[in-house]
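Handing you a structure now.
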Amino acid sequence: MNRLPAGPAPSLPALSLLDAWIGEKTGLGKELTPRSLRDWQLARLKETLAYVKNRSPFYRQALAHIPLEKIRELEDPAELPLTSAQDLRYAGSAFVCVSAKEIDRIMSLGTSGTDGPPKRLYFSPKDQELSVNFFSVGIRTMADPGDTVFIYLGPSTPGNTVDLLCKGLERSAIKAVVRDMSEDPCRPLSGPEAAACGCFMGMPVRMLQMAKANPGLRPKSVILCADYAPSVCGPAIKALWGSKVFTHYGSTESGLGGAVSCADGGELHLRAADLLFEIVDPKTGLRVPDGEWGEIVFTTLSREAMPLIRYRTGDISRMLTAPCACGSSLPRLAPIQGRYTNSISLPSGSSLSIHQLDELLFSIPEVLDYTAELLPEPLLRITLRTDAASASAGLTGRVRGLLEPGLPIEVTLVHEALPPASGKRRLSAR
C-alpha cells in the first residue's frame, strides 16, 4: 500500500509530496521524469488494453478490429475509440471486468435532464483504496497532521466520496468534520469553524459565499472541489480570508480524484500514476497539440472493476508541460474553463453558459448567490441574492451592462436564501 508517513511533512515544495508519491507508485523513484513517466504510462496502457479486451464485453467488441501491438507511443491511442457518457448509460454493466461478488460499491449518477438511464460506476475494494490513497497524499499539500478540515460536500455514507475522503484524511492524521449541507452558506459562522484552526473544503461557489458572509475568518487553506471553479473565486477568497486556495479536479468516472493544484496557482498536477490524460478536439475527437484548448479525455491505468478507455469528460482545458513554479516538472492541466455542454443558445446566435454568468456575476462584490433562467420570450430572468447592507442602488444596471446588449434581462434583488442547487450549477431554459 502506497502512503506517506503521517509525521511532519518534509521541507520540500508542497507538490513534491505528490511527485514523490507518483515516483513510489510507478517504481521510478528519483528517476521520475516526464520521459520516464511517459514510458511507464505506455506500458500500463498496454496492460490495461489487454485486460479490458479480455474481460470487458463492451471493450472486447469496441477493440476487436484494433491491433493493440501497434501502439508504441502515447500518441498512438488516438487510434482507439472514445468512450462517452452515453456508452456508460446504456452499456454500463458491459464495462465491468470482475464478478459481482468482487464489486464493493456502485455509484449512480443522475442524467441532469438528459433522457435515458443514469450512469452507473462499479468499484472493487482495490479501486476504493486507490481513491483513499490519493486523498491521503493530496490533502498533505493543503493541510498538516493535526489540522482540522471542515467538509461541505454532503453527508458521509459507507463507501461514498465523503467517506473515502474522511478515511484519506484520517490516514494522514488530519481530522475531518463533515458539515450540514442544508445550512445557508451565507450565514455568519460560529463555533469550531469560526476558530479558523484549519481548512475548509467545498464547492467553489459555496466557499465564496461563506467568505463574503464571514470576511473576518482566517482558515489556513481552502480547497475548491466537486464543481468548476470560476476564476474569480480563488482570488476573492484569498483577498477576504488570506488563505491559500487550492483546486481539486476529479469525477466519479475518474475514481473521484484526478488532479490537485498548487496554492493559488490553479494549474492542476495530474494523478499520473492512475490516469492518462489527453486533450482532444471536441468535434473531431482528434488529439490537439500540447498548449491548445480542447476537451479532457482520460484513460484509467489501475482500475480493476470498471476501467475506462479514452473517456470524454466534456470539460475544457489544455495540457501544460513547462516546469511549474512549485518545482514539479510533471504534466499539468490548465484551470478548467467549464464544459462544452450546459450552454444555451441566444436569439443573436451566440451562446451563454452558467460558467460565463459565474465569471460575470461573482465578480461583483455584493453578489452572494444567484439563479438564472432563459424564458422563451426571450427573457433572461436573474435573481440575485445580495447583502442588504452593501447592495448598491446601481447594481441592477451594472448586471445588465455585463451581459449581451439587446437581450431582454429582468433582474430581481433578494436578501434571503435562494433555492439550493442540487449538485453542480446549471443554467436552465424553458
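We use all heavy atoms of the structure for the numbers below, so side chains are in, but hydrogens, waters and symmetry mates are not.
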Matching residue for Cys199 among Ile223, Val222, Thr148, Ile151 - test: side-chain contact (heavy atoms from CB on, under 4.5 Å):
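For Cys199, the side-chain contact (heavy atoms from CB on, under 4.5 Å) check succeeds only for Ile223.
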Distance-only donor-acceptor check, side chains Tyr249 and Ser254, under 3.5 Å
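There is no such pair between these side chains.
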Just so I know, are the side chains of Val132 and Phe135 near enough to count as touching, which here means a heavy-atom distance under 4.5 Å?
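Val132 does not reach Phe135 side chain to side chain.
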Throw together a table of side-chain donor-acceptor distances under 3.5 angstrom for residues 153-165, partners on residues two or more places apart or in other chains.
from   : atom 1 : to     : atom 2 : distance (Å)
Thr157 : OG1    : Asn160 : ND2    : 3.2
Asn160 : OD1    : Thr157 : N      : 3.2
Asn160 : OD1    : Val162 : N      : 3.3
Asn160 : OD1    : Asp163 : N      : 2.9
Asn160 : ND2    : Pro155 : O      : 3.0
Asp163 : OD2    : Gly159 : N      : 2.8
Asp163 : OD2    : Lys167 : NZ     : 3.4

Within a 6.0 Å radius of atom CD on Gln61, are there more than 12 heavy atoms belonging to other residues, nucleotides or ligands?
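Open: at most 12 neighbouring heavy atoms sit under 6.0 Å from CD of Gln61.
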Arg206 backbone acceptor or donor facing Tyr152 side chain under 3.5 Å:
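Not a single qualifying donor-acceptor pair exists.
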Between Lys53 and Glu69, is the salt bridge (Lys or Arg N to Asp or Glu O under 4.0 Å) condition met? List the steps.
CA-CA 13 Å; Lys53 196 170 184 178; Glu69 65 275 6; over 6 Å; no
Which pair of heavy atoms, one from Tyr59 and one from Ile309, lies closest together, and at what distance?
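Scanning both residues, the minimum pair turns out to be OH-N, 2.8 Å.
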Qualifying salt bridge (charged side-chain N to carboxylate O under 4.0 Å, His left out) pairs, either residue in residues 288-305, two or more places apart:
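For residues 288-305, and leaving out neighbouring residues, the salt bridge (charged side-chain N to carboxylate O under 4.0 Å, His left out) pairs sorted by first residue read Glu295-Arg312.
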With a 3.5 Å distance limit and no angle check, can you tell me whether Asn214 reaches the backbone of Leu189 through a side-chain donor-acceptor pair?
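Present.
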Minimum-distance pair of heavy atoms, taken over all atoms of Pro235 and Val232:
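Of all heavy-atom pairs spanning Pro235 and Val232, the closest is CD-O, 3.7 Å.
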Nearest 0.5 Å, please: how far is OG1 in Thr252 from CG in Leu109?
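OG1 of Thr252 is found 4.5 Å from CG of Leu109.
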What do the steps show when you test Val245 against Met207 for side-chain contact (heavy atoms from CB on, under 4.5 Å), and what is the final call?
CA-CA 10 Å; Val245 180; Met207 293 293 99; over 6 Å; no
Mind checking the OG1-CD spacing from Thr299 to Glu278? Nearest 0.5 Å is all I need.
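So the gap between those two atoms works out to 5.5 Å.
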Regarding Ser261 and His248, is there a side-chain donor-to-acceptor distance under 3.5 Å anywhere?
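His248 and Ser261 do not have a side-chain donor-acceptor pair below 3.5 Å.
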Can you confirm whether Val96 sits close enough to Arg120 that some side-chain heavy atom of one is under 4.5 Å from a side-chain heavy atom of the other?
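Of all side-chain heavy-atom pairs linking Arg120 with Val96, none is under 4.5 Å.
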How would you list, by chain and number, every residue that makes a ring pair (Phe, Tyr, Trp, His ring centres under 6.0 Å) with Phe58, sequence neighbours excluded?
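For Phe58 the ring pair (Phe, Tyr, Trp, His ring centres under 6.0 Å) partners, ignoring immediate neighbours, are Phe95.
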Just by distance, do the side chain of Glu102 and the backbone of Ala305 share a donor-acceptor pair under 3.5 Å?
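Flag not set: sc Glu102 to bb Ala305 has no pair under 3.5 Å.
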Take Glu253 and Lys119, measure what side-chain contact (heavy atoms from CB on, under 4.5 Å) needs, and give me the verdict at the end.
CA-CA 9 Å; Glu253 293 92 334; Lys119 291 181 287 186; 2.6 Å; yes
Could you tell me whether the side chain of Glu73 and the main chain of Ile71 form a donor-acceptor pair under 3.5 Å?
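Flag not set: sc Glu73 to bb Ile71 has no pair under 3.5 Å.
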Could you tell me whether the side chain of Trp241 reaches within less than 4.5 Å of the side chain of Pro219, counting heavy atoms only?
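When only atoms from C-beta onward are counted, Trp241 and Pro219 do touch, with a gap below 4.5 Å.
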Within a strict 4.5 Å, meaning less than it, do heavy atoms of the Cys97 and Tyr51 side chains meet?
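The answer is yes; the side chains approach within 4.5 Å.
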Which heavy-atom pair separates Phe200 from Leu217 by the least distance, and what is that distance?
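Between these two residues, the closest heavy atoms are CE1-CD1, 4.0 Å.
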Sequence neighbours excluded - ring pair (Phe, Tyr, Trp, His ring centres under 6.0 Å) pairs with any residue from residues 295-332
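Qualifying pairs: Phe298-Tyr311.
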Heavy-atom distance under 4.5 Å between the side chains of Pro204 and Pro230, does that happen here?
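Yes; the side chains approach each other to less than 4.5 Å.
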Minimum heavy-atom distance between Gly234 and Leu224, given as atom pair plus value:
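In terms of heavy atoms, the two residues are closest at N-CD1, 4.4 Å.
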Heavy-atom closest contact (Leu37 atom, Ile22 atom, distance):
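Taking Leu37 first and Ile22 second, the nearest heavy atoms are CD1-CG2, 4.3 Å.
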Okay, side chain of Thr383, backbone of Thr371: is any donor-acceptor separation there less than 3.5 Å?
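Not a single qualifying donor-acceptor pair exists.
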Can you list the steps and then say if Gln41 with Arg44 is a side-chain hydrogen bond (donor to acceptor under 3.5 Å, both in side chains)?
CA-CA 5 Å; Gln41 287 182 318; Arg44 288 306 299 263; over 6 Å; no
Under the side-chain contact (heavy atoms from CB on, under 4.5 Å) criterion, do Leu308 and Leu88 qualify, and how do the steps go?
CA-CA 10 Å; Leu308 297 176; Leu88 295 189; 3.8 Å; yes
Calculate, to the nearest 0.5 Å, the distance between atoms CZ and CD1 belonging to Phe123 and Ile106 respectively.
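Between Phe123 CZ and Ile106 CD1, I get 10.5 Å after rounding to 0.5 Å.
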Using a 4.5 Å cut-off on heavy atoms from C-beta on, say whether the side chain of Asp19 contacts that of Leu330.
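Of all side-chain heavy-atom pairs linking Asp19 with Leu330, at least one is under 4.5 Å.
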For Thr313, is there any backbone N or O sitting under 3.5 Å from a side-chain donor or acceptor partner on Arg339?
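Such a contact is found between Arg339 side chain and Thr313 backbone.
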Holding to salt bridge (Lys or Arg N to Asp or Glu O under 4.0 Å), I want the full list of residues that pass it with Asp274, two or more places apart in sequence or in another chain.
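Applying salt bridge (Lys or Arg N to Asp or Glu O under 4.0 Å) to Asp274 gives Lys25, Arg271.
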For the atom pair CG (Asp227) and OG1 (Thr247), what is the distance rounded to the nearest 0.5 Å?
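Asp227 atom CG to Thr247 atom OG1 measures 11.5 Å (nearest 0.5 Å).
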I'd like to know if the side chain of Ser317 and the backbone of Ala334 have a donor-acceptor N/O pair within less than 3.5 Å.
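Present.
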Main-chain N/O of Leu368 paired to Gln209 side chain as donor or acceptor, under 3.5 Å:
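Between the backbone of Leu368 and the side chain of Gln209 there is a qualifying donor-acceptor contact (under 3.5 Å).
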Return yes when atom CD of Glu170 has more than 12 non-hydrogen atoms of other residues, nucleotides or ligands closer than 6.0 Å, and no otherwise.
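Incorrect, the count does not exceed 12.
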Within a 6.0 Å radius of atom CD on Glu31, are there more than 12 heavy atoms belonging to other residues, nucleotides or ligands?
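No, not enclosed.
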Holding to salt bridge (Lys or Arg N to Asp or Glu O under 4.0 Å), I want the full list of residues that pass it with Arg60, two or more places apart in sequence or in another chain.
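Scan of Arg60 (salt bridge (Lys or Arg N to Asp or Glu O under 4.0 Å), adjacent residues dropped) gives none.
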Value rounded to 0.5 Å, distance of OG in Ser363 from CG in Asp358
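Taking OG in Ser363 and CG in Asp358, the distance rounds to 10.5 Å.
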What are the two closest heavy atoms between Val149 and Ala143, and how far apart are they?
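Scanning both residues completely, I find the closest heavy atoms to be CG2-CB, 4.3 Å.
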Tell me whether Arg35 contacts the main-chain N or O of Leu32 through its side chain, where contact means a donor paired with an acceptor under 3.5 Å.
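A pair under 3.5 Å: no.
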One pair to check against side-chain contact (heavy atoms from CB on, under 4.5 Å): Val280 and Val288. What are the steps and the verdict?
CA-CA 5 Å; Val280 304; Val288 302; 5.7 Å; no
After noting the C-alpha distance and the side-chain angles of Ser124 and Asp127, does the key distance pass the side-chain hydrogen bond (donor to acceptor under 3.5 Å, both in side chains) rule?
CA-CA 5 Å; Ser124 69; Asp127 298 331; 3.1 Å; yes
For the residue pair Pro81 and Arg310, establish whether any side-chain heavy-atom pair is separated by less than 4.5 Å.
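Answer no - side chains too far apart.
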Determine whether a donor-acceptor pair (N or O, by modelled atom type, separation under 3.5 Å) exists between the side chain of Trp40 and the backbone of Thr26.
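Yes; judged by distance alone, with no hydrogens or angles, the pair exists.
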Between CG on residue Leu256 and CG on residue Leu130, distance to nearest 0.5 Å:
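Here the interatomic distance stands at 10.5 Å.
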In the structure I gave you, are the side-chain heavy atoms of Thr386 and Ile364 within less than 4.5 Å of one another anywhere?
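No, every pair of side-chain atoms sits at 4.5 Å or beyond.
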